[in-house]
Amino acid sequence: MSNRLVVISAPSGTGKTTLCARLLQEIPELILSISTTTRAPRGQEKHGTEYFFVPKEDFRKKIDAGGFAEWAEVHGNFYGTTKDFVDQAFAAGKSLLLDIDVQGAEQLKNNYPGQTLRIFLAPPSMEELERRLRARGTDSEESIKKRLAAAAYEMAHQEHFDHVVVNDDLEHAYFQLAGIVLQSIRGQTVAQGKGGPKA
Ligand code: ADP
Ligand code: 5GP
């Protein structure tokens with residue numbers, strides 16, 4: 001078994017949350033990475049659950065001490081994955097699933113070249129992406145427009161990833177995704193079938 005850093009990127013509304021929740025449920029070697037950030041908690045977010053929330057000064061000190069596996073400034077705040085978090089996961093025999101931006105994904109690939117797996121999850125079309133964003137019912141019209149504009153940019157960069165999975169039929173996309181992750185972690189090919197890729 002190999003320890004991996006599995007980065008999954010997708011335009012907002014593609015289905016990343018849905019598919020990642022299932023990966024975490026069905027692949028026991030995978031745990032969700034908890035990033036450190038300088039942004040303030042939103043809503044019910046708790047320190048140590050969604051993020052480790054820290055002051056900017058502490059974040060800067062950690063950068064200077066070389067404490068991050070990767071870090072980036074996104075929308076005016078700092079976000080990073082600590083080396084300690086990666087080391088502890090690996091020591092426990094786990095792989096990490098990371099929701100980080102493209103700059104962070106690039107740094108991980110450079111810092112952990114043999115262990116980083118980058119997967120791009122794509123919607124079947126921009127029309128379907130727009131339909132999903134509307135059907136989800138969580139975003140304002142303005143937010144949907146912003147997400148669609150960002151999606152066009154993200155789609156144009158998909159060739160930088162190791163794998164591209166199109167989330168058309170959810171079951172099919174899940175088995176493709178799980179197959180890629182399991183092949184990387186366990187060196188095992190998975191046939192689509194009853195019961196799924198359980199341990
Ligand atoms: P993301 O995390 O990428 O923003 P979500 O997981 O929230 O996306 O999914 C966006 C919406 O699309 C949700 O309402 C979800 O139920 C739906 N969805 C996800 N995958 C599919 C699919 N393959 N076909 C149809 N609807 C989907
Ligand atoms: P949010 O503030 O909405 O939780 O996240 C904003 C952005 O920061 C998202 O694009 C998310 O992927 C990115 N992000 C979250 N954690 C990290 C991290 O540890 N490193 C990097 N590079 N990006 C992150």
Side-chain angles (χ1 to χ4, degrees), residues 5-25 31-54 56 59 62-63 67-86 89 96-112 116 118-139 143-144 146-151 153-155 157-158 160-161 164-178:
L5 298 170
V6 181
V7 183
I8 301 187
S9 298
S12 179
T14 302
K16 183 168 75 172
T17 306
T18 309
L19 287 162
C20 284
R22 189 159 165 198
L23 285 176
L24 288 164
Q25 207 177 0
I31 56 173
L32 188 64
S33 179
I34 303 174
S35 298
T36 299
T37 184
T38 60
R39 86 148 161 77
R42 285 196 296 246
Q44 301 297 308
E45 288 181 338
K46 284 197 188 69
H47 183 80
T49 304
E50 287 81 9
Y51 284 104
F52 298 107
F53 297 98
V54 300
K56 235 170 200 167
F59 199 101
K62 208 166 186 71
I63 296 174
F68 285 106
E70 63 76 31
W71 67 272
E73 191 175 352
V74 186
H75 314 313
N77 289 303
F78 290 105
Y79 296 83
T81 309
T82 63
K83 283 183 181 164
D84 285 348
F85 200 90
V86 174
L96 287 182
L97 187 63
L98 302 108
D99 175 357
I100 61 175
D101 86 323
V102 286
Q103 309 168 70
E106 191 69 29
Q107 289 173 43
L108 279 189
K109 192 77 187 176
N110 291 332
N111 296 340
Y112 300 83
T116 304
R118 289 179 303 177
I119 304 170
F120 188 84
L121 194 62
S125 65
M126 293 301 277
E127 290 72 27
E128 173 60 12
L129 183 68
E130 185 167 353
R131 193 201 65 74
R132 285 183 196 171
L133 280 169
R134 291 189 194 287
R136 187 167 67 177
T138 55
D139 298 273
S143 162
I144 290 174
K146 260 195 211 162
R147 282 162 204 266
L148 289 172
Y153 174 83
E154 287 155 352
M155 291 292 283
H157 289 80
Q158 55 183 286
H160 299 303
F161 289 76
V164 175
V165 172
V166 178
N167 181 20
D168 191 349
D169 174 70
L170 188 62
E171 280 299 298
H172 185 250
Y174 177 72
F175 282 103
Q176 231 186 311
L177 191 59

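One-based numbering, in listed order, for ligands and for the atoms of each. These numbers come from the heavy atoms of this one structure, side chains and all, not from hydrogens, waters or symmetry mates.
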TODO: Using modelled atom types only, decide if a donor and an acceptor are shared between the side chain of Arg132 and the backbone of Thr14 within a distance under 3.5 Å.
DONE: yes
Task: Proximity to ligand 2 by part of Glu70, non-hydrogen separation under 4.0 Å - done: side chain
Task: Any donor-acceptor N/O pair, Gln107 side chain to Gly104 backbone, under 3.5 Å - done: no
Open item on the list: Between Arg39 and Thr37, is there a side-chain donor-acceptor contact under 3.5 Å, judged purely by atom types and distance?
Closed with: no
Open item on the list: Considering non-hydrogen atoms of the protein only, which is the closest contact for atom 12 (O) of ligand 2, and what is the distance?
Closed with: Asp99 OD1, 3.0 Å
Task: Gly13, any N or O under 3.5 Å of ligand 1 N or O - done: yes
Open item on the list: Nearest non-hydrogen contact with atom 17 (C) of ligand 2 belongs to which option: Phe52, Phe85, Phe78, Tyr79?
Closed with: Tyr79
Task: Ile8 vs Asp99, side chain to side chain contact (heavy atoms under 4.5 Å, CB included): CA-CA, chis, key distance, verdict - done: CA-CA 6 Å; Ile8 301 187; Asp99 175 357; over 6 Å; no
Task: Donor-acceptor pair, side chain of His172 and main chain of Asp168, under 3.5 angstrom - done: no
Open item on the list: Return the closest protein heavy atom for atom 15 (C) of ligand 1 as residue, atom name and distance.
Closed with: Thr18 OG1, 3.9 Å
Open item on the list: Can you report which non-hydrogen protein atom sits closest to atom 8 (O) of ligand 1, along with the distance?
Closed with: Gly15 N, 3.1 Å
Task: Cation-pi geometry met for Arg22 and Phe175 (6.0 Å, 45°) - done: yes
TODO: Considering the heavy atoms of Thr81, write down every atom of ligand 2 situated less than 4.0 Å from one of them.
DONE: 19 (O)
- [ ] Could you establish whether Arg42 and ligand 2 come within less than 4.0 Å of each other, counting only heavy atoms on the residue side?
- [x] yes
Task: Atoms in ligand 1 flagged as close to Lys16, the criterion being non-hydrogen separation under 4.0 Å - done: 1 (P), 2 (O), 3 (O), 6 (O), 8 (O)
- [ ] Could you tell me whether His47 and Tyr51 have their ring centroids closer than 6.0 angstrom?
- [x] no
- [ ] Among all protein heavy atoms, pick out the one at the shortest distance from atom 7 (C) of ligand 2; state its residue, atom name and that distance to 0.1 Å.
- [x] Val74 CG1, 3.8 Å
TODO: Measure the spacing between CG of Asp101 and OG of Ser9 and express it to the nearest 0.5 Å.
DONE: 8.5 Å
Task: Heavy-atom nearest neighbour in the protein, as seen from atom 10 (O) of ligand 2, with distance rounded to 0.1 Å - done: Asp101 CB, 4.3 Å
Task: Element-labelled atoms of ligand 1 that are located less than 4.0 Å from some non-hydrogen atom of Leu170 - done: 20 (N), 23 (N)
Open item on the list: Please classify the Glu73 to ligand 2 contact at 4.0 Å (heavy-atom distances, strictly less than): side chain, backbone, both or neither.
Closed with: neither
TODO: Check each atom of ligand 2 against the heavy atoms of Ala72 and keep those under 4.0 Å away; list them by number with element.
DONE: 22 (N)
TODO: Heavy-atom contacts with Thr17 under 4.0 Å: which atoms of ligand 1 show up? List them by number with element.
DONE: 1 (P), 2 (O), 6 (O)
- [ ] Report the nearest protein non-hydrogen atom to atom 15 (C) of ligand 2: residue, atom name, distance rounded to 0.1 Å.
- [x] Tyr51 OH, 3.4 Å
Task: Basic-acidic side-chain contact under 4.0 Å: Arg131, Glu128 - done: yes
- [ ] May I ask you to list the atoms of ligand 1 that are less than 4.0 angstrom from any heavy atom of Ser12?
- [x] 4 (O)
- [ ] Starting from atom 20 (N) of ligand 1, locate the nearest protein heavy atom and write down its residue, its atom name and how far away it is, to 0.1 Å.
- [x] Asn167 ND2, 3.0 Å
Open item on the list: For atom 7 (O) of ligand 1, what's the nearest protein heavy-atom neighbour? Residue, atom name and distance, please.
Closed with: Arg136 NH1, 2.9 Å
Open item on the list: Please check: side-chain N/O of Thr116 versus main-chain N/O of Tyr112, any donor-acceptor pairing under 3.5 Å?
Closed with: yes
TODO: Could you grab the distance from atom OH of Tyr79 to atom CD of Gln103, nearest 0.5 Å is fine?
DONE: 12.0 Å
Open item on the list: Give the atom numbers and elements of ligand 1 that come within less than 4.0 Å of a heavy atom of Asp168.
Closed with: 22 (C), 23 (N), 24 (N)
- [ ] Would you tell me which option among Arg132, Glu171, Arg147 has the nearest heavy-atom contact to atom 22 (C) of ligand 1?
- [x] Arg132
TODO: Look at atom 24 (C) of ligand 2 and say whether a protein heavy atom is found at less than 4.0 angstrom from it.
DONE: yes
Task: For Gly104, the ligand 2 atoms whose distance to one of its heavy atoms is below 4.0 Å - done: 22 (N)
Task: Close aromatic pair by centroid cut-off 6.0 Å: Trp71 and Phe78 - done: yes
Task: Under 3.5 Å: donor-acceptor pair, side chain of Lys16, backbone of Leu121 - done: no
Task: Within-4.5 Å side-chain heavy-atom neighbours: Lys46 and Glu50 - done: yes
Open item on the list: Heavy-atom distances under 4.0 Å decide this one: backbone, side chain, both or neither, for Arg39 against ligand 2?
Closed with: side chain
Open item on the list: Considering non-hydrogen atoms of the protein only, which is the closest contact for atom 16 (N) of ligand 2, and what is the distance?
Closed with: Ser35 OG, 3.1 Å
TODO: Look at the side chain of Asn167 and the backbone N and O of Ala173, then say whether any donor-acceptor pair between them is shorter than 3.5 Å.
DONE: no
